[in-house]
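Below is one structure, written out as structure tokens; comments come after it.
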Amino acid sequence: MLGLYRHHFHSMGSRCEVRIYARAEDEAAAVARKAVADVQRLDAKYSNYRDDNVTAAINRVGAAGGAIEVDDETSSLLDYADTCFEQSEGLFDLTSGALREAWRTQRSVLPEPASLERLLQRVGWDKALWSRPQLEFSVPGMELDFGGVVKEYAADRAAVICAEAGVRHGLVDLGGDIKIIGPHPDGAPWSVGIQHPRQADAVMATIELSHGAIATSGDYERFVEIGGTRYSHIVSPRTGMPVRGLAGVSVVAPECVVAGSATTIAMLMEERGPAWLEEVGLPHVWMDQELRKGGTFATSRT
Amino acid sequence: MPPQPVSAGAAVGVTSPKEAAGPTRTISTHLAALTAAAMALPGVHARAAEPGLNPFTVDASHLEYFESGNRMRVRVNQATAIAPVGDNVQLLADGLQDVISGASPIFNSPGPGGQPQQVLTGASVNDRRNAGDIGASVFWNDNQVTLRQGWSAENDYRSIWTSIEGRRFLNQKDTVLAAGFAFNDDGVSTHDAPDDFHTRIKRDYFLGVTQIINERSLIELSLRYSYSNGYLSDPYKLVFVQSTGELPDARPSQRRQIALTGKYLLYIPPIDSALQVIQSFSTDNWGINAGALEVQMKKELPGEWLVNAGGRLYSQSSADFYQPLFQTPPSDGLHTSDYRLAGFGSASWLLGVTKQLTPNFSLQFSGERTYRRYALRSGGSGFDGDNYIWSFYLVTLQAQF
């Protein structure tokens, strides 16, 4: 009696999907629309590619140096990012977005160490004074990038919107960051296949989930290749260099936002990533540059 | 369904029920800190996300219908239940009672200057109708078949009907093909001779296709063909013939109708609203050609409100054997002055509001007001004396568990 409805859309630079079981299409479409509307709202509010949103307003202040008062939702995200910064020895840093300039995909030569050094002076969450609801930049030229949190936060919220509309079975997938609403109607879990970091058509592991969330991060999603070497889009706020170490990592957590920050932190920890994940204690799988695989659900299926 | 890649990082599919989990251990300080911070994010935790069975739905509604000029008034109470039985079967039941009171037009008589004027029944009509149907839907793979059996009874009318409808879902449910058949066996009598039933048989054939164009729009097309035969006249209606006086309503014993309906639904994100346009055309062998256009906007508002508003235009031509008044009896013996078979048109406005009270209960109010006008006809004859206004108000409470 319940049919599976799949609602595809594009947001936050990713292919996204809401899959829900409902009795009728219009019922499913109405719920999916609500969920999608919230994802689009967050994209509009926090995208780095707009000049009329919260991120742009913060970054205008950041460019000149100074203080800005932010809304409740933004404050909660900054509180969350602040916790991530503390729990990652300062590696998870919303201000490291400035370094991306140096690693744009179009470039063909490595950035000059001097230019990285100049950028690093404008990077560091500890150079921003966060006292809810006020954010103050002590150094001019700083900028924030909410990209590392908003997609996972949006997935959590979209799943809650569906659940509160009565959906019991389904999932929200925002470009591979997946929050489960509930298992299939017969109780069977969703099987999530995690892409192999070096073989686009292969799966490095699968995991079955009835609830909770899974997030994945890898150097294969967005990268720049310079002189035959692949540089990840994840850039260390310490060195200004793209991270090496893990090729891909997936983490399962009750909330997608926690799963997402754990994968990002593991990537930023580089070779210490697996040990950090072990310490955190969430189910996870990783693969390093030498294609060695590890973690708690490292069973392969290709 | 094999695992299929759906995004850069992960693929989702269906396999056997087996939960993966990490080793049990005490929660690390990292995890405790991250979880506590995540808990503080707005909207990340569901207020009502208890796992449950497929929904069991019951709705009850009350409808009040009025016609202008102290004509007909109808009150309807209806209840519907849908109950899942396992994952592949759903049972349906529907019960209805309505009470009709007031006057209805019987015939037209020549008024001053020879203009027709309507003659209504006295306020004597007071009919009660009980109707119900039961049914079952079966789902397998991408198919659904629904079988329904219905009954309707009142003093002077009884009806038994059976319908079967099949649906096939294609392209991951982006396309739905539907086909259906319904058979109605009706008996018609009058208050004067309540046991003298005349038979009327109707067969409906239906084909439809729904296509989701993208996440914002869908289109639906349907074609319906109906064939009725038997006693199709209205035993309460008369015609006035100048040369002979009043004669009973007499219609052909067969009617073939064909109707085409198109529906377009478009969601418009900047205004968080949906636009629905429904257009239909029909024609029959009685000479009635009709067209309707309905436009509605639906908008969700904060606080779980949904508002819909719109309008509908309708126009039809009269039946070949319709005249408000007849000079002489038609040679083929067919004649009617029933206002429903006249040429007329109508304009309606529609307004509705739905409030989701809790995740399980919703309450809906809707109203509609229709102005019937001879001037809006698309052909044939009729007259202004049949103009009237009707309205209805409907309240529905729906519960889903």
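Chain letters run A, B, ... following the sequence lines, proteins first and then strands; every chain starts at 1.
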Let me confirm one number: the [atom1]-[atom2] distance from [X] to [Y], rounded to the nearest 0.5 Å.
X: B:Ser273; Y: A:Arg33; atom1: OG; atom2: CZ; answer: 9.5 Å
X: B:Leu34; Y: A:Leu282; atom1: CG; atom2: CG; answer: 8.5 Å
X: A:Glu164; Y: B:Gln356; atom1: CD; atom2: CD; answer: 11.0 Å
X: B:Leu31; Y: A:Glu279; atom1: CG; atom2: CD; answer: 11.0 Å
X: A:His7; Y: B:Ile212; atom1: NE2; atom2: CD1; answer: 9.0 Å

Mind checking whether [X] and [Y] have side chains closer than 4.5 Å, heavy atoms only?
X: A:Asp26; Y: B:Leu265; value: no
X: A:Val160; Y: B:Val44; value: no
X: B:Pro42; Y: A:Asp72; value: no

Closest heavy-atom contact between B:Ala33 and A:Thr83?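 Taking every non-hydrogen atom into account, O-CG2, 3.5 Å.
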Ignoring hydrogens, what is the shortest heavy-atom contact between B:Thr29 and A:Gln87? Give both atom names and the distance.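 That closest heavy-atom pairing would be O-OE1, 3.9 Å.
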Please check: side-chain N/O of A:Ser76 versus main-chain N/O of B:Leu41, any donor-acceptor pairing under 3.5 Å?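 No, A:Ser76 side chain to B:Leu41 backbone: no donor-acceptor pair under 3.5 Å.
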So, using side chain to side chain donor-acceptor pair (under 3.5 Å) as the criterion, who are the partners of B:Arg168 when residues are at least two apart?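 Here the qualifying residues are B:Asn143.
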Mind checking what makes side chain to side chain donor-acceptor pair (under 3.5 Å) contact with B:Arg312, not counting sequence neighbours?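 Checked B:Arg312 against side chain to side chain donor-acceptor pair (under 3.5 Å); matches are B:Glu294, B:Glu368.
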Side chain, backbone, both or neither: which part of A:Val252 has a non-hydrogen atom closer than 4.5 Å to chain B?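 Neither; nothing under 4.5 Å.
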Check whether A:Ile161 gets within reach of chain B through its side chain, its backbone, both or neither, counting any heavy atom under 4.5 Å.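 No part of A:Ile161 comes within 4.5 Å of chain B.
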With a 4.5 angstrom heavy-atom cut-off, which part of B:Ala40 approaches chain A: side chain, backbone, both or neither?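 B:Ala40 touches chain A through backbone heavy atoms alone.
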